[in-house]
Amino acid sequence: MSSVLLFDIDGTLLQSHGVGRRSIEAALAEILGEPFDTSAIPFSGKTDPQIFREILDAATEAGFDVGEVEVTAARFGALYHERMERNLPAAHVEALPGAVDLVHRLGAEGVALGLLTGNLQPLGYAKIARLGLGPAEFPFGSFGSDASNRNDLPAIAAERASVYLGRSVAGEDLVVIGDTPRDIACARAAGATAVAVATGHYGVDDLTEADVVLETLEAFDLDALPVAR
């Protein structure tokens with residue numbers, strides 16, 4: 001039985017050079033009625049709903065009345081989605097080294113590929129579309145719009161992979177490929193293999209808990225993975 005590879009997006013497949021944070025801050029300014037600096041809040045490895053709630057908590061601590069958090073977080077997500085749809089087409093979106101070639105090569109070899117990302121599903125696909133990738137390469141996956149806790153995403157992806165592939169996919173069949181310690185943690189929570197790539201905000205020394213650590217996806221070797229079979 002072949003492994004199922006699940007790719008993170010930001011910092012793993014691509015860099016979008018701040019368009020997400022700019023869009024979040026624009027949406028937040030609409031909610032609060034004035035700008036709010038989010039630079040002290042790290043986004044890497046978090047789901048979008050988690051980010052929305054952390055920002056609203058920070059705004060509350062700063063003295064803003066954000067109302068009922070769940071309701072405001074839902075509005076925040078909708079406004080962010082609108083801003084991203086407006087801003088993403090003109091944004092500088094850059095494929096990370098080896099990413100597109102690897103996806104095409106694995107797909108040509110018949111490897112089952114999916115996404116595991118904190119992005120809202122439509123925005124995740126909108127981002128990778130800028131690289132010429134989409135549902136044809138990644139026909140299933142799990143997203144921040146499915147769960148706010150990243151550790152819940154592998155099980156969702158496994159269930160969708162099972163339906164798509166017509167066979168049972170368990171946690172140990174998954175290979176989670178990401179660029180942050182949170183990607184490693186969610187792989188561990190599912191019993192999956194963790195592959196970390198140091199193309200985001202974390203270096204190789206920050207990612208040593210992974211089963212395999214790479215400088216870039218150019219060095220990815222499916223046959224060298226502990227679960228490759």
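A distance of 5.5 Å separates CZ of Arg105 from CD of Glu109, quoted to the nearest 0.5 Å. For the atom pair Ile55 CD1 and Thr60 OG1, the distance stands at 11.5 Å (nearest 0.5 Å). If you take OG on Ser16 and CZ on Arg22, they are separated by 8.0 Å, rounding to the nearest 0.5 Å. Between the CG atom of Asp8 and the CD1 atom of Ile177 there is a distance of 10.0 Å, given to the nearest 0.5 Å. Distance CG/Leu116 to CG/Leu5: 11.5 Å, rounded to 0.5 Å. Distance check, rounded to the nearest 0.5 Å: CD of Glu25 to OG1 of Thr38 gives 3.5 Å.
For the pair Phe43 and Asp10, the minimum side-chain heavy-atom distance is 4.5 Å or more. Annotation: side chain of Leu174 is not in contact with side chain of Ser3 (no heavy-atom distance under 4.5 Å). Under the 4.5 Å side-chain criterion, counting only non-hydrogen atoms from C-beta, Pro226 is in contact with Val212. Arg83 is not listed as a side-chain neighbour of Ile24, based on a closest heavy-atom distance of 4.5 Å or more. Looking at Thr12 and Leu96, their side chains never come closer than 4.5 Å, going by heavy atoms from C-beta outward. The side-chain heavy atoms of Val100 and Val103, taken from C-beta on, include no pair separated by under 4.5 Å. Taking 4.5 Å as the limit, some side-chain heavy atom of Leu165 sits within range of a side-chain heavy atom of Val4.
No donor-acceptor distance shorter than 3.5 angstrom exists from the side chain of Asn87 to the backbone of Val19, with no hydrogens or angles considered. Judged by distance alone, the side chain of Ser23 and the main-chain N or O of Tyr80 form no donor-acceptor pair under 3.5 Å. Checked by atom type and distance alone, the side chain of Ser145 pairs as donor or acceptor with a backbone atom of Gln121 at under 3.5 Å. Judged purely by atom type and a 3.5 angstrom limit, Arg182 has no side-chain atom pairing as donor or acceptor with the backbone of Thr47. Although no hydrogens or angles enter the test, the distance criterion places no donor-acceptor pair under 3.5 Å between the side chain of Arg53 and the main chain of Val69. For the pair Asp173 (side chain) and Ala170 (backbone), a donor-acceptor distance under 3.5 Å is present. Under a 3.5 Å cut-off, the side chain of Thr72 and the backbone N or O of Val66 do form a donor-acceptor pair.
Note on ring orientation: taking the six-membered ring where Trp is involved, the planes of Phe220 and Phe7 are tilted (angle from 30° to 60°). Below 30°, between 30° and 60°, or above 60°: for Phe143 and Tyr125 the angle between ring planes is between 30° and 60°, a tilted geometry. A parallel orientation is assigned to the rings of His17 and His92, their planes being inclined by less than 30° (bins at 30° and 60°).
Placement of Tyr202 and Leu214 in two distinct hydrophobic clusters is found when ILVMFWY residues are connected by side-chain heavy-atom separations under 4.5 Å, directly or transitively. Residues Leu79 and Ile41 share a single hydrophobic cluster, defined by chaining ILVMFWY side chains whose heavy atoms lie under 4.5 Å apart. Hydrophobic clustering (ILVMFWY, side-chain heavy atoms < 4.5 Å, transitive): Phe52 and Phe36 are in one cluster. Hydrophobic clustering (side-chain heavy atoms under 4.5 Å, transitive across Ile, Leu, Val, Met, Phe, Trp, Tyr) groups Val195 together with Leu217. Cluster annotation: Leu115 and Ile184 are assigned to distinct hydrophobic clusters (Ile/Leu/Val/Met/Phe/Trp/Tyr, side-chain heavy-atom contacts under 4.5 Å, transitive).
Judged purely by distance below 3.5 Å, without hydrogens or angles, the side chains of Asp179 and Thr199 never pair a donor atom with an acceptor atom. There is a side-chain donor-acceptor pair under 3.5 Å between Thr180 and Asp183. Side-chain N/O atoms of Ser142 and Arg160 include no donor and acceptor closer than 3.5 Å.
Shown here for Leu120 and Asp48, the closest heavy-atom pair between the two residues is N-OD2, 3.2 Å. The minimum heavy-atom distance linking Ala136 with Pro139 is given by the pair O-CD, 4.4 Å. Shown here for Leu131 and Leu13, the closest heavy-atom pair between the two residues is CD1-O, 3.8 Å. The shortest heavy-atom contact between Thr117 and Arg150 is CA-NH2, 3.9 Å. Closest heavy-atom contact between Asn119 and Lys127: OD1-NZ, 2.9 Å. Minimum heavy-atom separation, Ala157 to Phe140: O-CD1, 4.3 Å.
In Tyr164, the OH atom is not crowded: 12 or fewer heavy atoms of neighbouring residues, nucleotides or ligands sit closer than 6.0 Å. Dense packing is recorded around NE2 of His104, with more than 12 heavy atoms of other residues, nucleotides or ligands lying under 6.0 Å away. Under a cut-off of 6.0 angstrom, the local environment of CG in Asp65 is sparse, with at most 12 non-hydrogen atoms contributed by other residues, nucleotides or ligands. The environment of Glu159 atom CD is sparse: at most 12 non-hydrogen atoms of other residues, nucleotides or ligands sit within 6.0 angstrom.
A salt bridge between Arg188 and Asp211 is present, with a side-chain N of the basic residue lying under 4.0 Å from a carboxylate O of the acidic one. Salt-bridge formation is not detected for the pair Arg130/Glu94: no Lys NZ or Arg NE/NH1/NH2 atom is positioned less than 4.0 Å from an Asp or Glu carboxylate oxygen.
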Evaluate Val176 against Cys186 for side chain to side chain contact (heavy atoms under 4.5 Å, CB included), listing each step before the verdict. CA-CA 8 Å; Val176 175; Cys186 87; 4.1 Å; yes

